[in-house]
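The structure under discussion appears below in the form of C-alpha coordinates.
Just so you know, ligand 1 is whichever comes first in the structure, and atom 1 is the first atom listed for that ligand. Atoms considered below: every heavy atom in the structure, side chains included; atoms not considered: hydrogens, waters and symmetry mates.
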Amino acid sequence: MSESAAKLRANLQAIQERIDTAAQRAGRRSEEVRLLAVTKYFDDETTRAVVEAGCRCLGESRPQQLWHKAAALSDLPQLEWHMVGHLQRNKIKRTLPLVSLIHSADNRRLLQALEAFAAEEDKPAAILIEINISGDSSKHGFAPEEAEEALQIAASMRHLRVGGLMAMAAREGDRDRARRDFAGLRELRDQLLRVAPPGITLDELSMGMSGDFEEAIAEGSTIVRIGSALLEGVTGG
Ligand SMILES: *Cc1c(COP(=O)(O)O)cnc(C)c1O
(Lines give C-alpha, C1' and ligand atoms only; values in the text may rest on other atoms or scores of the structure.)
Protein backbone atom coordinates (compact mmCIF):
# COMPACT_ATOMS: atom_id res chain seq x y z
CA MET A 1 0.00 0.00 0.00
CA SER A 2 1.34 3.43 -0.86
CA GLU A 3 2.01 5.92 1.88
CA SER A 4 -0.90 8.13 0.85
CA ALA A 5 -3.30 5.17 0.68
CA ALA A 6 -2.26 4.24 4.22
CA LYS A 7 -2.80 7.82 5.36
CA LEU A 8 -6.21 7.89 3.73
CA ARG A 9 -7.18 4.72 5.58
CA ALA A 10 -5.99 6.20 8.86
CA ASN A 11 -7.97 9.39 8.23
CA LEU A 12 -11.08 7.42 7.39
CA GLN A 13 -10.73 5.35 10.53
CA ALA A 14 -10.21 8.44 12.68
CA ILE A 15 -13.28 10.11 11.18
CA GLN A 16 -15.37 6.99 11.69
CA GLU A 17 -14.29 6.89 15.32
CA ARG A 18 -15.26 10.54 15.76
CA ILE A 19 -18.65 9.77 14.17
CA ASP A 20 -19.13 6.84 16.56
CA THR A 21 -18.22 8.95 19.58
CA ALA A 22 -20.47 11.84 18.55
CA ALA A 23 -23.36 9.44 17.95
CA GLN A 24 -22.87 7.75 21.31
CA ARG A 25 -22.73 11.07 23.08
CA ALA A 26 -26.04 11.99 21.47
CA GLY A 27 -27.58 8.66 22.51
CA ARG A 28 -27.72 7.52 18.90
CA ARG A 29 -26.39 4.45 17.13
CA SER A 30 -23.52 5.18 14.78
CA GLU A 31 -25.26 3.17 12.03
CA GLU A 32 -27.80 5.99 11.93
CA VAL A 33 -25.12 8.27 10.49
CA ARG A 34 -23.87 7.64 6.98
CA LEU A 35 -20.50 8.94 5.86
CA LEU A 36 -20.56 10.42 2.37
CA ALA A 37 -17.07 11.03 1.02
CA VAL A 38 -17.17 14.27 -0.97
CA THR A 39 -14.42 13.79 -3.53
CA LYS A 40 -14.37 17.19 -5.21
CA TYR A 41 -10.78 17.89 -4.11
CA PHE A 42 -9.55 14.40 -5.03
CA ASP A 43 -7.95 13.29 -8.27
CA ASP A 44 -9.19 10.04 -9.81
CA GLU A 45 -6.50 7.93 -8.24
CA THR A 46 -7.14 9.28 -4.75
CA THR A 47 -10.88 8.83 -5.22
CA ARG A 48 -10.23 5.21 -6.13
CA ALA A 49 -8.11 4.83 -2.99
CA VAL A 50 -10.99 6.21 -0.89
CA VAL A 51 -13.25 3.50 -2.25
CA GLU A 52 -10.61 0.87 -1.62
CA ALA A 53 -10.33 2.16 1.94
CA GLY A 54 -14.00 1.32 2.41
CA CYS A 55 -16.17 4.27 1.29
CA ARG A 56 -18.83 3.24 -1.20
CA CYS A 57 -20.93 6.41 -0.96
CA LEU A 58 -19.31 9.23 -2.87
CA GLY A 59 -20.48 12.78 -3.47
CA GLU A 60 -19.55 15.51 -5.91
CA SER A 61 -20.65 19.12 -5.95
CA ARG A 62 -20.26 19.81 -9.68
CA PRO A 63 -22.15 17.81 -12.28
CA GLN A 64 -19.28 17.63 -14.78
CA GLN A 65 -16.93 16.27 -12.15
CA LEU A 66 -19.50 13.72 -11.11
CA TRP A 67 -19.87 12.54 -14.72
CA HIS A 68 -16.12 12.32 -15.07
CA LYS A 69 -15.51 10.43 -11.83
CA ALA A 70 -18.44 8.06 -12.29
CA ALA A 71 -16.98 7.09 -15.67
CA ALA A 72 -13.42 6.86 -14.36
CA LEU A 73 -14.51 4.53 -11.53
CA SER A 74 -17.16 2.60 -13.41
CA ASP A 75 -15.24 -0.65 -12.93
CA LEU A 76 -15.72 -0.50 -9.14
CA PRO A 77 -18.78 -2.45 -7.97
CA GLN A 78 -21.61 -1.07 -5.85
CA LEU A 79 -20.62 2.56 -5.83
CA GLU A 80 -23.29 5.01 -4.86
CA TRP A 81 -22.97 8.57 -6.20
CA HIS A 82 -24.69 11.53 -4.61
CA MET A 83 -25.01 15.01 -6.07
CA VAL A 84 -24.44 17.53 -3.28
CA GLY A 85 -23.98 20.83 -5.14
CA HIS A 86 -26.10 23.10 -7.28
CA LEU A 87 -27.57 21.27 -10.27
CA GLN A 88 -28.36 23.31 -13.36
CA ARG A 89 -31.46 22.14 -15.17
CA ASN A 90 -29.60 21.49 -18.41
CA LYS A 91 -27.40 18.98 -16.55
CA ILE A 92 -30.23 16.84 -15.15
CA LYS A 93 -30.36 14.46 -18.08
CA ARG A 94 -26.78 13.31 -17.68
CA THR A 95 -26.72 13.46 -13.87
CA LEU A 96 -29.91 11.77 -12.72
CA PRO A 97 -29.16 8.33 -14.18
CA LEU A 98 -25.82 8.27 -12.31
CA VAL A 99 -26.93 9.21 -8.82
CA SER A 100 -28.91 7.59 -6.05
CA LEU A 101 -29.64 10.85 -4.21
CA ILE A 102 -29.72 14.53 -5.05
CA HIS A 103 -29.08 16.51 -1.85
CA SER A 104 -29.48 19.85 -3.51
CA ALA A 105 -33.02 20.32 -4.79
CA ASP A 106 -32.78 24.05 -4.19
CA ASN A 107 -35.42 25.81 -6.25
CA ARG A 108 -38.86 25.32 -7.67
CA ARG A 109 -37.90 25.21 -11.34
CA LEU A 110 -35.36 22.51 -10.58
CA LEU A 111 -38.08 20.43 -8.85
CA GLN A 112 -40.27 20.78 -11.92
CA ALA A 113 -37.45 19.85 -14.28
CA LEU A 114 -36.44 16.84 -12.15
CA GLU A 115 -40.05 15.64 -12.19
CA ALA A 116 -40.28 16.08 -15.95
CA PHE A 117 -37.14 14.06 -16.57
CA ALA A 118 -38.01 11.35 -14.04
CA ALA A 119 -41.48 11.04 -15.60
CA GLU A 120 -39.99 10.71 -19.06
CA GLU A 121 -37.72 7.91 -17.83
CA ASP A 122 -40.54 6.51 -15.70
CA LYS A 123 -38.08 6.16 -12.85
CA PRO A 124 -38.43 7.89 -9.47
CA ALA A 125 -35.81 10.43 -8.40
CA ALA A 126 -34.70 10.54 -4.76
CA ILE A 127 -34.12 14.06 -3.51
CA LEU A 128 -33.51 16.13 -0.42
CA ILE A 129 -34.78 19.67 -0.20
CA GLU A 130 -31.89 22.07 0.36
CA ILE A 131 -32.60 24.80 2.89
CA ASN A 132 -30.55 27.95 3.26
CA ILE A 133 -30.74 27.64 7.02
CA SER A 134 -27.99 30.15 7.79
CA GLY A 135 -29.42 32.83 5.51
CA ASP A 136 -26.03 33.43 3.81
CA SER A 137 -26.77 35.38 0.66
CA SER A 138 -24.20 33.34 -1.29
CA LYS A 139 -25.92 30.04 -0.56
CA HIS A 140 -28.42 28.12 -2.64
CA GLY A 141 -31.52 26.63 -1.13
CA PHE A 142 -35.05 27.48 -0.13
CA ALA A 143 -35.46 29.98 2.70
CA PRO A 144 -36.89 28.29 5.81
CA GLU A 145 -40.17 30.11 5.30
CA GLU A 146 -40.43 28.67 1.77
CA ALA A 147 -39.81 25.12 2.95
CA GLU A 148 -43.42 24.13 3.45
CA GLU A 149 -44.37 25.23 -0.04
CA ALA A 150 -41.33 23.46 -1.49
CA LEU A 151 -42.31 20.29 0.31
CA GLN A 152 -45.91 20.49 -0.92
CA ILE A 153 -44.72 20.98 -4.49
CA ALA A 154 -42.21 18.15 -4.33
CA ALA A 155 -44.63 15.81 -2.58
CA SER A 156 -47.27 16.45 -5.24
CA MET A 157 -44.90 15.33 -7.99
CA ARG A 158 -45.42 11.70 -8.82
CA HIS A 159 -41.83 10.81 -9.61
CA LEU A 160 -40.01 12.65 -6.82
CA ARG A 161 -39.25 10.87 -3.55
CA VAL A 162 -38.50 13.46 -0.88
CA GLY A 163 -36.34 11.84 1.79
CA GLY A 164 -35.57 14.84 3.97
CA LEU A 165 -33.61 18.07 4.15
CA MET A 166 -30.06 19.22 3.49
CA ALA A 167 -28.21 22.32 4.69
CA MET A 168 -24.84 23.86 5.35
CA ALA A 169 -23.90 25.87 8.41
CA ALA A 170 -23.04 29.56 8.12
CA ARG A 171 -19.79 30.18 6.27
CA GLU A 172 -18.68 32.76 8.84
CA GLY A 173 -19.22 31.18 12.18
CA ASP A 174 -17.84 28.99 14.90
CA ARG A 175 -18.97 25.56 16.01
CA ASP A 176 -21.66 27.01 18.29
CA ARG A 177 -23.16 28.83 15.35
CA ALA A 178 -23.00 25.64 13.28
CA ARG A 179 -24.79 23.73 16.00
CA ARG A 180 -27.56 26.35 16.11
CA ASP A 181 -27.94 26.14 12.32
CA PHE A 182 -28.20 22.35 12.49
CA ALA A 183 -30.70 22.53 15.35
CA GLY A 184 -32.67 24.93 13.16
CA LEU A 185 -32.79 22.40 10.32
CA ARG A 186 -33.94 19.64 12.65
CA GLU A 187 -36.67 21.86 14.13
CA LEU A 188 -37.78 22.85 10.64
CA ARG A 189 -38.00 19.17 9.68
CA ASP A 190 -40.10 18.46 12.77
CA GLN A 191 -42.44 21.34 11.91
CA LEU A 192 -42.75 20.20 8.31
CA LEU A 193 -43.62 16.69 9.42
CA ARG A 194 -46.72 18.04 11.13
CA VAL A 195 -48.04 19.39 7.84
CA ALA A 196 -46.51 16.88 5.43
CA PRO A 197 -48.74 14.81 3.17
CA PRO A 198 -49.19 11.18 4.26
CA GLY A 199 -46.28 8.92 3.40
CA ILE A 200 -43.64 11.66 3.64
CA THR A 201 -41.31 10.87 6.55
CA LEU A 202 -38.33 13.23 6.05
CA ASP A 203 -36.00 10.77 7.76
CA GLU A 204 -32.82 12.15 6.24
CA LEU A 205 -30.97 15.19 7.52
CA SER A 206 -27.90 15.75 5.36
CA MET A 207 -25.78 18.09 7.45
CA GLY A 208 -22.23 18.32 8.74
CA MET A 209 -18.92 18.68 6.87
CA SER A 210 -15.27 18.29 7.88
CA GLY A 211 -15.31 21.21 10.30
CA ASP A 212 -18.65 20.62 12.00
CA PHE A 213 -19.87 17.05 11.60
CA GLU A 214 -19.85 16.33 15.33
CA GLU A 215 -22.21 19.25 15.97
CA ALA A 216 -24.42 17.99 13.13
CA ILE A 217 -24.58 14.47 14.61
CA ALA A 218 -25.52 15.94 17.98
CA GLU A 219 -28.48 17.60 16.23
CA GLY A 220 -29.66 14.51 14.36
CA SER A 221 -27.67 14.35 11.13
CA THR A 222 -28.13 11.12 9.18
CA ILE A 223 -25.63 11.89 6.41
CA VAL A 224 -22.37 13.73 7.01
CA ARG A 225 -20.65 15.01 3.86
CA ILE A 226 -16.91 14.92 4.37
CA GLY A 227 -14.19 16.01 1.98
CA SER A 228 -11.09 17.80 3.24
CA ALA A 229 -10.76 15.87 6.53
CA LEU A 230 -10.23 12.70 4.52
CA LEU A 231 -7.36 14.27 2.64
CA GLU A 232 -5.37 15.64 5.57
CA GLY A 233 -1.74 14.76 5.09
CA VAL A 234 -2.42 12.86 1.86
CA THR A 235 -0.24 13.91 -1.05
CA GLY A 236 -1.62 14.14 -4.54
CA GLY A 237 -5.27 14.64 -3.50
C1 LIG B 1 -17.30 20.49 -0.50
C2 LIG B 1 -18.59 20.13 0.11
C3 LIG B 1 -18.62 19.32 1.25
C4 LIG B 1 -17.38 18.82 1.95
O5 LIG B 1 -16.72 19.87 2.57
P6 LIG B 1 -15.44 19.66 3.51
O7 LIG B 1 -15.43 20.85 4.36
O8 LIG B 1 -14.28 19.55 2.59
O9 LIG B 1 -15.66 18.42 4.28
C10 LIG B 1 -19.87 19.00 1.76
N11 LIG B 1 -21.01 19.44 1.19
C12 LIG B 1 -21.01 20.20 0.09
C13 LIG B 1 -22.31 20.65 -0.48
C14 LIG B 1 -19.81 20.59 -0.49
O15 LIG B 1 -19.81 21.37 -1.57
Side-chain angles (χ1 to χ4, degrees), residues 4 7-8 10-19 22 33-44 46-47 49-51 53 55 57-70 80-88 91 95 98-107 110 126-142 163-175 177-179 181-182 184-185 204-237:
S4 52
K7 183 68 186 147
L8 210 51
N11 288 351
L12 181 61
Q13 195 179 348
I15 291 165
Q16 193 57 58
E17 278 166 17
R18 285 170 63 192
I19 291 173
V33 184
R34 260 200 290 175
L35 167 61
L36 180 71
V38 178
T39 54
K40 66 181 180 210
Y41 312 115
F42 301 26
D43 61 21
D44 295 351
T46 310
T47 307
V50 170
V51 176
C55 285
C57 288
L58 305 180
E60 281 286 335
S61 62
R62 289 174 190 270
Q64 288 97 328
Q65 286 196 332
L66 193 144
W67 306 341
H68 168 86
K69 289 249 175 76
E80 202 181 292
W81 284 101
H82 293 207
M83 179 68 202
V84 302
H86 182 58
L87 179 60
Q88 299 84 355
K91 307 225 162 56
T95 306
L98 300 174
V99 299
S100 54
L101 183 61
I102 292 178
H103 291 230
S104 42
D106 59 10
N107 69 77
L110 177 61
I127 64 163
L128 304 179
I129 295 176
E130 181 173 353
I131 305 292
N132 184 356
I133 198 74
S134 68
D136 288 4
S137 58
S138 61
K139 286 212 167 86
H140 292 287
F142 291 93
L165 306 180
M166 181 273 226
M168 273 177 266
R171 195 184 299 269
E172 309 288 335
D174 55 11
R175 283 174 174 256
R177 171 65 201 269
R179 181 147 181 181
D181 285 338
F182 298 142
L185 193 71
E204 301 282 8
L205 287 176
S206 168
M207 56 187 195
M209 318 200 317
S210 292
D212 54 23
F213 66 88
E214 283 143 322
E215 285 73 17
I217 291 168
E219 295 299 341
S221 173
T222 61
I223 309 181
V224 290
R225 308 179 310 268
I226 298 190
S228 47
L230 279 166
L231 269 192
E232 252 164 59
V234 178
T235 48

- Message: Within the 3.5 Å criterion, strictly below it, is a donor on Q88 or H86 matched to an acceptor on the partner's side chain?
- Response: no
- Under 3.5 Å, is there a donor-acceptor pair linking the side chains of D136 and S138? no
- Between R34 and E204, is there a side-chain N and carboxylate O pair less than 4.0 Å apart? yes
- Query: Looking at M207 and E219, what are the two nearest heavy atoms and their distance?
  - Reply: CE-O, 3.4 Å
Could you list each N/O atom of ligand 1 together with any protein N/O atom closer than 3.5 Å, one pair per line with the distance?
residue	atom	partner	partner atom	Å
ligand 1	8 (O)	S228	N	2.8
ligand 1	8 (O)	S228	OG	2.9
ligand 1	9 (O)	S210	N	3.0
ligand 1	9 (O)	S210	OG	2.5
ligand 1	9 (O)	G227	N	2.8
ligand 1	11 (N)	R225	NE	2.9
ligand 1	15 (O)	K40	NZ	2.6

- Task: Could you tell me which non-hydrogen atom of A70 sits nearest to which non-hydrogen atom of L98, and how far apart they are?
- Result: CB-CD1, 4.2 Å
- Query: For residues T47 and D44, is any side-chain donor paired with an opposing acceptor at under 3.5 Å?
  - Reply: no
